[in-house]
Protein chains: 4
Amino acid sequence: MTPKGPKWTRQPDRRPQQIIAAALDVFALKGFRRATMDAVARAAGVTKGTIYLYFSSKEDLFIQTLRVHVEQVADLLPAFQLEGEIPADDSARMVTRKLLDALMTPNMAKAMPLFVAEVKHIPALRKAYVEEWLPQVNFRLAEVFSRGMEAGLIKQLDPVITARAIIGMFSEFILTQQVFELKDITPMELDAIADTIVTIAFHGVLAAR
Amino acid sequence: MTPKGPKWTRQPDRRPQQIIAAALDVFALKGFRRATMDAVARAAGVTKGTIYLYFSSKEDLFIQTLRVHVEQVADLLPAFQLEGEIPADDSARMVTRKLLDALMTPNMAKAMPLFVAEVKHIPALRKAYVEEWLPQVNFRLAEVFSRGMEAGLIKQLDPVITARAIIGMFSEFILTQQVFELKDITPMELDAIADTIVTIAFHGVLAAR
Amino acid sequence: MTPKGPKWTRQPDRRPQQIIAAALDVFALKGFRRATMDAVARAAGVTKGTIYLYFSSKEDLFIQTLRVHVEQVADLLPAFQLEGEIPADDSARMVTRKLLDALMTPNMAKAMPLFVAEVKHIPALRKAYVEEWLPQVNFRLAEVFSRGMEAGLIKQLDPVITARAIIGMFSEFILTQQVFELKDITPMELDAIADTIVTIAFHGVLAAR
Amino acid sequence: MTPKGPKWTRQPDRRPQQIIAAALDVFALKGFRRATMDAVARAAGVTKGTIYLYFSSKEDLFIQTLRVHVEQVADLLPAFQLEGEIPADDSARMVTRKLLDALMTPNMAKAMPLFVAEVKHIPALRKAYVEEWLPQVNFRLAEVFSRGMEAGLIKQLDPVITARAIIGMFSEFILTQQVFELKDITPMELDAIADTIVTIAFHGVLAAR
DNA sequence: TATGAATGAGTCTTCATTCAT
DNA sequence: GATGAATGAAGACTCATTCAT
């Protein structure tokens, strides 16, 4: 009954994105090694051979898949004006909340454990981490703290270590709530998480004397 | 002292530990899926068939391997007297430093990414996390904070979220320094890490007014 | 002279030769099965689809490729006047030398092992050998010997076997020097080969009594 | 009804020969690239995996298969006392006839075209040819001629070229009669071939004046 | 006529698991 | 209990061929 259309259509421009989107889902669901190219192809609505027109190997597809989605997050960061002054509590809360919105997404929950799982086994991933991720996130935040220390606004600490400790608080919530799927077991409001992170980061847990 | 010893000796009691120790190394080096039973057998000094006398499958071996090593960490915690009072800065620094010593070990660096990588794909791992790790570590620390809040020593925050944020700082350093092998790229003294974590956790990054 | 020329031009007449010339190179370099239609297309400066406009399949292309180049050799033979009398030693040496020039060429070195390799698997090749090569070369040469025997110039032997034995001497040098690429390991002057072949063929290796 | 025996039996000693024998048949029937490991396994009565217990790859299996069968022939040569004097016609005929018996066998007909077809593409084959085959056959025979020349029994010619020309006569009959399957089209008695080869090799085709 | 994106069957190779010894 | 030969089910990747453009 379907009017006879072509069996397939050429879409050389869309194919890569289409395949990468499907790949993230399949890789996230199964993990890199468990995922099959057949499953990715099926999810992308193409055949296995088509994937190899655009990616040279399963590993290449994996790396590019993570790159695209990690870069989507990296592209967000400038919007948070990390270059500016240390903000006041209230505005820091808002920024943190927006950051959590951006980070605690399904795609991030998919990409992050894949990254952790494979970074030791796929050299290109570690290279990307060291050469791109680390400077863009950790070092950039450390720079903010550095300037704050010079201005006397921030305690004298190692800025890179400090930045990483702060990042650690974010990472933990992504990992546990999203990846380990604790959302149902320890439900948490994003507002409460943001509030806690900012309070600790700025003032620590100790009650004011 | 017999000139011709047997090729192998029966060691039914020691075999499981022997295999598990080898398994951690091989799994850590290769990841769960990449690791082969042959490689584990070779590392354990037995043959493939022998493993199946003690473990019903590769997954079973993996779960038991992680269980043993994760429990080794969990067993450490009581020694840190988390049940007690909120310690003063100096003694907190010492405890934190000792905790880092215990956590930033090769075995932890081996077990942690394996856990993160496979928790989504091996239900028994998530079960172990939710039923053992979460109560023993996150909830226990939350309990400490809870008591501190009641005593007016700690700010009024969600104790579970607070505990997890603090844990996040530890995790991040294990992941990055050990797993991502940043030790050479961003070398950090454990003392400096401990100092930073305690300072932030207790007082935050803001300079005293 | 138009500034924007078309990407391709219609050349239906030249295409087959163009493709066949490229095909010989690629098939020779890789062998029939290892050679890909993509590689042939690239070498011919067209695309894969175009080949199928002129050849119905890879096997068809292969058969036609060998046919053309084998015929090029067959076409040479009449020039050597095999129909004539048994020549004297000196003129036989010259003819043999010219024959070697014609046979120990790159194209012959390309076609011959392809033929040997695939004759068992591609019926059309064996058919071509039996129906064309054998009559044109082996039987024709046998005929020369036959006449020589009748004239009492040649020893009484089976003419077909005799012809094939002589052909075998030529083949061996093509195979070893060209195909097995022994040119550097056992370098041989074509003159010396011609001399040896003629001497053996006419007089044998035994020293005159 | 069959009394329940084991599904399979261990035969680690016989397996390699068993597989190699099957491999020669399958490779000869199909050619290296067309032959599948599945077909070899089936022919050997084992499963694919078993082949890989004994051979590291298809290419390795191929090389070892040719090596074994080629060596079977090489091992025959010493029996022909090539080291001795140049024999008289009659005894040369007998030796040649025996050599043809040894060379024009099914296994030789299987191995030879495989060798010719793949020597360009599998470096190990060319290495074996240059380092083993060439010295054992061509150079050894050249040595016989060399001594004959010194003794004045053989014409002054290049001994290596001479040896190769003689070998060429043998090869041609193996290739054409066996590989191209001309046995039915140009049937030849082995005695007649031996007679012709010896006559030409010793005395040439020209009738005695 | 020419293109080259897309197909999909085919193959080598790996490896967890079984089982004869 | 221990071995390791053998199994057999996958799975990554290739490539001749087709067909939408």
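Below, chain A is the first sequence line, B the second, and so on; all start at residue 1. Values in this document were obtained by computation on a predicted structure and should not be read as measured data.
- Checking the phosphate oxygens (OP1, OP2) of dA6(F), a side-chain nitrogen or oxygen of Y54(D) falls inside 4.0 Å.
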Can you give one letter per nucleotide of nucleotides 11-17 of chain F, 5' to 3': B if a protein heavy atom sits under 4.0 Å from the base, S if only from the sugar-phosphate, - if neither?
-> SSBBSSB
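- Judged by distance alone, with hydrogens and angles left aside, R15(B) brings no side-chain donor or acceptor close enough to the base of dG1(F) to form a pair under 3.5 Å.
- When only modelled atom types and interatomic distance are considered, T9(A) and Q11(A) share a side-chain donor-acceptor pair under 3.5 Å.
- For dG8(F), the paired base is dC15(E) (Watson-Crick or G-U wobble, both distances below 3.5 Å).
- Contacts of F55(C) with the nucleic acid, taken as non-hydrogen atoms under 4.0 Å apart, are absent.
- Comparing V46(B) and W8(A) by the nucleotide of DNA chain F that holds the closest heavy atom to each, the one mapping nearer the 5' end is V46(B).
- A donor-acceptor contact under 3.5 angstrom links the side chains of R15(B) and Q18(B), judged on distance only.
- Screening residues 109-119 of chain D for side-chain hydrogen bond (donor to acceptor under 3.5 Å, both in side chains) gives R34(C)-E118(D), D25(D)-K110(D) as the qualifying pairs, with residues at least two apart or on separate chains.
- The only member of K127(A), R67(A), R126(A) that meets salt bridge (Lys or Arg N to Asp or Glu O under 4.0 Å) when paired with E132(A) is R67(A).
- Under the Watson-Crick or G-U wobble criterion, with both distances below 3.5 Å, dT21(E) is paired with dA2(F).
- Taking the nucleotide of DNA chain E with the nearest heavy atom to each of R10(A) and R10(D), the more 5' of the two is matched to R10(A).
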